[in-house]
Amino acid sequence: VQLQASGGGLVQPGGSLRLSCVASGFSLDYFTMGWFRQAPGKAREGVSCIDKSDGSTYYADSVKGRFTISRDNAKNTVYLQMNSLEPEDTAVYYCAADFTLTAQAMGTYPEGNMDVWGQGTLVTVSS
């Protein structure tokens, strides 16, 4: 059972990146999925989550209108499209899966004990 995140990198302010998180060993169909981030010296933050049942979404206020989460269950993959990136978005981004939580609950409690965590992918926004 594993989540593999990718797509991070160095981008200039105002640029875009798309993160991907591929699941192996289990089907994403039955899990609420989320993206989280942690910047140096800061607590983990819930960025965006998407519900397994109805596709409802959660976004942190700081990313609303700039980031979009989506899922492709056929590819067992969840994505995070990040546009208009700002230096404040610099962090290690993690994906996670949970069987029972809603998207709202998952995003609101980023320190929760999610069922599966992926390794991080570093996003650096700098000129």
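The figures here come from the full heavy-atom set of this structure, side chains too, leaving out hydrogens, waters and symmetry mates. Keep in mind it's a predicted model, so treat the numbers as computed, not measured.
- Note: the hydrophobic cluster containing V47 also contains I69 (ILVMFWY, side chain heavy atoms under 4.5 Å, direct or indirect links).
- Under 4.0 Å is where a charged nitrogen must lie from a carboxylate oxygen, and between K52 and D98 no such pair does.
- Under the 6.0 Å cut-off for aromatic ring centres, F99 and Y30 do not qualify, their centroids lying 6.0 Å or more apart.
- Note that the CG atom of N73 and the NZ atom of K75 stand 12.5 Å from one another [nearest 0.5 Å].
- Contact check for V78 versus W35: side-chain heavy atoms found under the 4.5 Å cut-off.
- In this structure, V11 is a member of the same hydrophobic cluster as V63, with clusters built from ILVMFWY side-chain heavy atoms closer than 4.5 Å.
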Task: Stepwise side-chain contact (heavy atoms from CB on, under 4.5 Å) check, Y59 with T68 - done: CA-CA 8 Å; Y59 290 96; T68 303; 3.9 Å; yes
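- Counting heavy atoms from C-beta outward, F26 and D115 have side chains that stay 4.5 Å or more apart.
- More than 12 non-hydrogen atoms from other residues, nucleotides or ligands lie less than 6.0 angstrom from CG of D54.
- One distance of note links CE of M33 with OG1 of T57; it measures 14.5 Å at 0.5 Å rounding.
- S62 and E45 get closest at one heavy-atom pair: OG-OE2, 3.3 Å.
- Taking the six-membered ring where the residue is Trp, the centroids of F36 and W117 are separated by under 6.0 Å.
- T90 places a side-chain N or O within 3.5 Å of a backbone atom of V125 that can act as its donor or acceptor partner.
- When all heavy atoms of L101 and A105 are compared, the pair lying nearest together is CD2-CB, 4.1 Å.
- The main-chain N or O of T124 is never found under 3.5 Å from a side-chain atom of S126 such that the two would form a donor-acceptor pair.
- Taking the side chain as every heavy atom from C-beta outward, M82 and L19 approach each other to under 4.5 Å.
- N76 places no side-chain N or O within 3.5 Å of a backbone atom of S27 that could act as its donor or acceptor partner.
- Between the side chains of R37 and Y93, at least one donor-acceptor pair of N or O atoms lies under 3.5 Å.
- Minimum interatomic distance between A5 and Q119 (heavy atoms only, all atoms of both residues): O-NE2, 2.7 Å.
- Counting all heavy atoms, side chain and backbone alike, R66 lies closest to D89 at NH1-OD2, 2.7 Å.
- Grouping the Ile, Leu, Val, Met, Phe, Trp and Tyr side chains by contacts below 4.5 angstrom, directly or via other members, places L28 apart from V22.
- Between P87 and P13, some side-chain heavy-atom pair lies under the 4.5 Å cut-off.
- Hydrophobic cluster membership is shared by L3 and L17, with clusters built from Ile, Leu, Val, Met, Phe, Trp and Tyr side chains linked at under 4.5 angstrom.
- In this structure, Q4 CD and C95 SG are separated by 8.5 Å, a value rounded to the nearest 0.5 Å.
- Under the 3.5 Å distance criterion, with hydrogens and angles disregarded, no donor-acceptor pair is assigned to the side chains of T102 and D51.
- With hydrogens and angles disregarded, no donor-acceptor distance shorter than 3.5 Å links the side chain of Q104 to the backbone of T108.
- A heavy-atom distance below 4.5 Å is found between the side chains of S16 and Q81.
- Taking CD of Q2 as the start and OG of S24 as the end, the distance is 4.5 Å to the nearest 0.5 Å.
- Nearest heavy-atom pair, G46 versus P110, reported as atom, atom and distance to 0.1 Å: N-CB, 3.6 Å.
- Side chain of S20 to backbone of Y79: no donor-acceptor contact under 3.5 angstrom is found.
- The two residues M106 and A96 come nearest to each other via the heavy atoms CE-O, 3.4 Å.
- Looking at T32 and I50, their side chains never come closer than 4.5 Å, going by heavy atoms from C-beta outward.
- Rounding to the nearest 0.5 Å places CG of L80 at 6.0 Å from CZ of F67.
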